[in-house]
Amino acid sequence: WTRSHSLDPFHPLPGGVPALSIQVVSLDWKWLFIYPGEQVASVNEVAFPAGTPVDFSVTADTVMNSFFIPQLGSQIYSMAGMQTQLHLVAGQPGTYEGISANFSGAGFSGMKFRAIATTPQGFRDWIAMARRSSARLDAAGWAQLEKPSENNPVARYSYVEPHLFADILRKYGA
């Protein structure tokens with residue numbers, strides 16, 4: 001019991017290294033990753049520096065899903081109107097498969113993403129690449145993204161409406 005509670009995904013990881021905050025939204029049938037500190041976003045790809053704790057805030061803008069990167073540990077559910085937390089760290093650089101581990105309809109089998117643990121410079125390069133994207137998650141961009149779609153390719157956004165994650169939570173009464 002004691003060991004189980006010490007691994008609670010809501011608890012930040014020990015170590016004193018500042019965590020990277022990433023907001024996660026499950027949609028039909030894709031994953032949106034918002035980097036509030038960097039003001040960029042991506043679909044079906046999440047990047048972070050290896051050795052840096054990542055604080056995932058997770059919600060849904062549709063039916064319940066399960067956010068899971070098997071090689072890095074815990075899975076956590078995403079539910080509309082609720083925010084859950086998951087804290088992970090990748091010990092070494094690599095590319096890991098992320099999935100939805102909860103059946104959520106017709107496009108479920110293609111609801112996968114890449115989790116890229118990279119060097120600090122590689123992460124800065126990834127952020128710079130996102131900032132060069134012409135795609136924006138403003139009202140028009142969000143209206144397109146929130147439509148159900150299957151087998152989505154990776155997409156990056158150079159701009160995100162500042163309160164998009166909070167607006168998604170409020171949409172369902174949170």
Side-chain angles (χ1 to χ4, degrees), residues 3 6-27 29-61 65-78 83-101 109-138 141-142 145 149 151-166 168:
R3 182 72 174 138
S6 73
L7 298 174
D8 184 341
F10 279 81
H11 293 278
L13 297 171
V17 176
L20 172 66
S21 294
I22 301 175
Q23 299 166 331
V24 182
V25 182
S26 63
L27 299 154
W29 287 277
K30 55 200 163 259
W31 293 98
L32 171 63
F33 300 96
I34 302 169
Y35 294 76
E38 292 75 16
Q39 300 175 324
V40 299
S42 61
V43 169
N44 290 341
E45 182 177 81
V46 60
F48 43 85
T52 297
V54 181
D55 176 7
F56 291 104
S57 298
V58 183
T59 194
D61 190 37
N65 262 290
S66 176
F67 177 77
F68 190 26
I69 307 171
Q71 290 177 288
L72 298 183
S74 299
Q75 89 177 1
I76 196 92
Y77 285 95
S78 64
Q83 177 180 319
T84 56
Q85 299 289 127
L86 180 62
H87 300 272
L88 295 177
V89 65
Q92 60 187 7
T95 300
Y96 306 96
E97 180 180 1
I99 60 172
S100 171
S109 63
M111 194 170 172
K112 299 175 181 168
F113 63 93
R114 285 188 312 233
I116 303 168
T118 186
T119 64
Q121 183 59 51
F123 178 67
R124 288 189 293 274
D125 293 345
W126 188 91
I127 293 296
M129 181 173 43
R131 287 182 175 144
R132 287 190 301 270
S133 171
S134 61
R136 297 171 50 88
L137 268 181
D138 51 17
W142 175 248
L145 183 62
S149 56
N151 300 309
N152 290 81
V154 170
R156 293 179 194 90
Y157 297 86
S158 60
Y159 171 81
V160 181
E161 286 289 335
H163 303 288
L164 180 59
F165 189 80
I168 292 166

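Numbers here simply count residues along the sequence, with the first being 1. As the structure is a prediction and not an experimental result, all values here were calculated from the model.
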Y159 vs L137, side chain to side chain contact (heavy atoms under 4.5 Å, CB included): CA-CA, chis, key distance, verdict: CA-CA 6 Å; Y159 171 81; L137 268 181; 5.7 Å; no
Test side-chain hydrogen bond (donor to acceptor under 3.5 Å, both in side chains) applied to T59 - qualifying residues, sequence neighbours left out: none
Trace of the side chain to side chain contact (heavy atoms under 4.5 Å, CB included) decision for K112 with S100: CA-CA 7 Å; K112 299 175 181 168; S100 171; over 6 Å; no
Side-chain donor/acceptor of Y35 to backbone N/O of A47, under 3.5 Å: yes
Contacts of Q71 that satisfy side-chain contact (heavy atoms from CB on, under 4.5 Å) - sequence neighbours left out: Y96
Approximate separation, where rounding is to 0.5 Å, of L72 CG and E97 CD: 12.0 Å
Between CG on residue N152 and CH2 on residue W29, distance to nearest 0.5 Å: 10.5 Å
Inter- and intrachain pairs under salt bridge (Lys or Arg N to Asp or Glu O under 4.0 Å), touching residues 120-136, at least two apart: R136-D138
Over all atoms of both residues, closest heavy-atom pair of A117 and Q92: CB-O, 3.8 Å
A135 backbone acceptor or donor facing S158 side chain under 3.5 Å: yes
Side-chain heavy-atom pair P49, L20 within 4.5 angstrom cut-off: yes
Which residues share a ring pair (Phe, Tyr, Trp, His ring centres under 6.0 Å) with W31, sequence neighbours left out: F67, F113
Exercise: identify the closest heavy-atom pair between N151 and G110: OD1-CA, 3.3 Å
Set of residues satisfying side-chain hydrogen bond (donor to acceptor under 3.5 Å, both in side chains) with respect to S42, sequence neighbours excluded: none
Verdict with reasoning, V154 to V43, per side chain to side chain contact (heavy atoms under 4.5 Å, CB included): CA-CA 5 Å; V154 170; V43 169; over 6 Å; no
With T119 via side-chain contact (heavy atoms from CB on, under 4.5 Å) - residues at least two apart: Q121
Euclidean distance, L32 CG relative to I168 CD1, rounded to 0.5 Å: 6.5 Å
Residues forming a ring pair (Phe, Tyr, Trp, His ring centres under 6.0 Å) with F123, sequence neighbours excluded: none
Partner set under ring pair (Phe, Tyr, Trp, His ring centres under 6.0 Å) for W142, not counting sequence neighbours: none
Which residues share a side-chain hydrogen bond (donor to acceptor under 3.5 Å, both in side chains) with S66, sequence neighbours left out: Q75
Worked verdict on Y77 versus T84 for side chain to side chain contact (heavy atoms under 4.5 Å, CB included): CA-CA 7 Å; Y77 285 95; T84 56; 5.8 Å; no
Those residues that, when tested against N44, pass side-chain hydrogen bond (donor to acceptor under 3.5 Å, both in side chains) (two or more places apart): none
Spacing of I69 atom CD1 and L86 atom CG [to the nearest 0.5 Å]: 7.5 Å
Side chain proximity check, P53 to H87, heavy atoms < 4.5 angstrom: no
Salt bridge (Lys or Arg N to Asp or Glu O under 4.0 Å) contacts in which one or both residues fall within residues 49-59, not counting sequence neighbours: none
Side chain to side chain donor-acceptor pair (under 3.5 Å) between N65 and S78, intermediate numbers included: CA-CA 5 Å; N65 262 290; S78 64; 4.9 Å; no
Side chain to side chain, T118 and F48, heavy atoms closer than 4.5 Å: no
Residues forming a salt bridge (Lys or Arg N to Asp or Glu O under 4.0 Å) with E45, sequence neighbours excluded: R114, R156
Crowding at CD, Q39 (>12 non-hydrogen neighbours, <6.0 Å): no
Pairwise distance CD1(I22) to CD1(I34) - rounded to 0.5 angstrom: 11.0 Å
